[in-house]
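Below, read A as the first sequence line, B as the second, and so on, with proteins coming before strands; counting in each chain starts at 1.
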Protein chains: 2
Amino acid sequence: MIIRLDMQSELPIYTQLMNQIIEGIASGSLQPGESLPSVRSMASDLGVNLHTVNKTYTLLKQEGFILVHRQKGVVINPEGMPEITAEYEHKLHGQLKPVVAEAICRGMSQDQLLTIIKDMYKQIAHGRKENI
Amino acid sequence: MIIRLDMQSELPIYTQLMNQIIEGIASGSLQPGESLPSVRSMASDLGVNLHTVNKTYTLLKQEGFILVHRQKGVVINPEGMPEITAEYEHKLHGQLKPVVAEAICRGMSQDQLLTIIKDMYKQIAHGRKENI
DNA sequence: TAACTGTTATATATGTAATATAACAGTTAG
DNA sequence: CTAACTGTTATATTACATATATAACAGTTA
């Protein structure tokens with residue numbers, strides 16, 4: 001899996017890394033049970049510090065996306081992904097609200113916005129089943 | 001317009017304030033041409049520093065949501081809101097992608113996601129026309 | 001003139017992000 | 001058993017963002 005970091009971005013490196021791993025899972029390029037590089041090798045590959053990768057892994061572990069297997073190292077959670085909890089729905093609303101509000105301000109119609117979401121959903125989830 | 005700040009939030013105060021003003025415009029509770037409190041009085045009302053409010057106003061001005069009128073002070077842009085530029089669409093994609101990816105990971109269907117967006121759009125844009 | 005406006009400057013305290021170095025306990029390969 | 005790896009933790013430092021405090025400036029308004 002190819003990971004691209006933008007050192008000029010306003011987003012922290014550990015957040016960019018976290019997002020791309022989640023996108024990798026969503027797209028199917030990272031399968032449940034598949035192992036991730038060690039914090040040291042990942043850090044080395046990306047040219048960042050060990051602790052930056054470790055922070056990403058710690059957060060992904062806390063949310064249930066990955067787990068640390070004593071033999072296999074860090075793996076995408078083989079038991080499946082975290083569920084749609086009330087807490088997650090609350091977080092989702094908080095993330096979407098300002099984005100939707102700005103779209104409305106700029107005169108974007110509901111259909112325009114839904115089309116963008118549909119296209120994005122299709123694009124990300126495109127290669128889900130055939131990669132199993 | 002009522003503004004609520006969460007001092008425990010991970011979001012900076014100036015971002016919370018910015019989001020709520022944009023949501024106010026989207027909902028119609030803030031109309032184009034309507035004036036906003038001065039940086040000092042707003043800061044005083046919210047119990048924050050002058051510069052925190054000033055940063056919010058500066059960012060909103062840069063994006064075209066408000067402008068500084070020599071007589072009327074700070075007003076919601078009477079010429080209308082900023083448009084849907086290519087730059088904005090790029091920003092929108094960057095904001096939505098990680099959110100949609102996590103939803104897919106958690107097994108949320110496209111319809112579930114679209115329903116949330118629709119409800120949110122309706123809720124925000126509900127009192128648009130009747131407030132003019 | 002006095003009180004307000006946005007704006008700018010400077011300084012300080014705090015927290016986060018990212019780095020560097022080091023160590024520990026456990027696992028694995030030679 | 002040794003050596004090299006694993007995740008994990010600790011400590012320290014640098015850099016930057018956030019938020020504050022205080023002050024001043026030019027322009028506007030009552």
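The phosphate of D/dA19 has neither OP1 nor OP2 within less than 4.0 Å of any side-chain N or O from B/Asn49. Residue A/Lys61 has a polar side-chain atom (N or O) positioned under 4.0 Å from OP1 or OP2 of D/dT8. Taking side-chain N and O atoms only, A/Lys55 has no distance below 4.0 Å to OP1 or OP2 of C/dA18. Note on A/Thr52: every side-chain N or O is 4.0 Å or more away from OP1 and OP2 of C/dA17. An OP1 or OP2 oxygen of D/dT18 is reached within less than 4.0 angstrom by a side-chain nitrogen or oxygen of B/Tyr14.
Position along DNA chain C of the nearest nucleotide to B/Leu36 versus B/His51 favours B/Leu36 as the more 5'-ward residue. Residue-to-nucleotide proximity on DNA chain D shows that, of A/Val74 and B/Thr15, the 5′-proximal contact is made by A/Val74. Residue whose closest nucleotide on DNA chain C sits further toward the 5' end, between B/Ser38 and B/Asn54: B/Ser38.
One can place CG of B/Leu50 at 15 Å from P of D/dA24, the figure rounded to the nearest angstrom. Remark: C1' of D/dA15 and CE of A/Met7 are 15 Å apart, rounded to the nearest angstrom. At whole-Å resolution of the value, NZ in A/Lys72 and C1' in C/dT28 are 16 Å apart. Summarising the geometry, the separation between CD on B/Gln62 and P on C/dT7 is reported as 11 Å, rounded to the nearest angstrom. To the nearest angstrom, P of D/dA17 lies 13 Å from CD1 of A/Ile13. With rounding to whole Å, A/Leu46 atom CG is found 12 Å from C/dA18 atom P. Rounding to whole angstrom units, CG of residue A/Leu5 and P of C/dA17 are separated by 15 Å.
In terms of polar N and O atoms assigned as donor or acceptor, the side chain of B/Arg40 never comes within less than 3.5 Å of the base of D/dT22 in a complementary pairing.
Of the nucleotides present, D/dT13 is the one that pairs with C/dA18 by Watson-Crick or G-U wobble criteria, both distances under 3.5 Å. The partner of D/dT28 is C/dA3, by the rule that a Watson-Crick or G-U pair needs both atom distances under 3.5 Å.
Not a single donor-acceptor pair under 3.5 Å links the side chain of A/His90 to the backbone N or O of A/Ala86. A donor-acceptor pair is defined here as one N or O able to donate and one able to accept, closer than 3.5 Å; such a pair exists between the side chain of A/Thr58 and the backbone of A/Asn54. Not one N or O on the side chain of B/Glu23 forms a donor-acceptor pair closer than 3.5 Å with the backbone of B/Ile124.
Evaluated for a side chain to side chain contact (heavy atoms under 4.5 Å, CB included) with B/Leu60, the options B/Ile66, B/Leu17, B/Ile76, B/Val74 yield exactly one hit, B/Ile66.
For A/Arg106 and A/Glu102, the salt-bridge test passes: some basic side-chain N is under 4.0 Å from an acidic carboxylate O.
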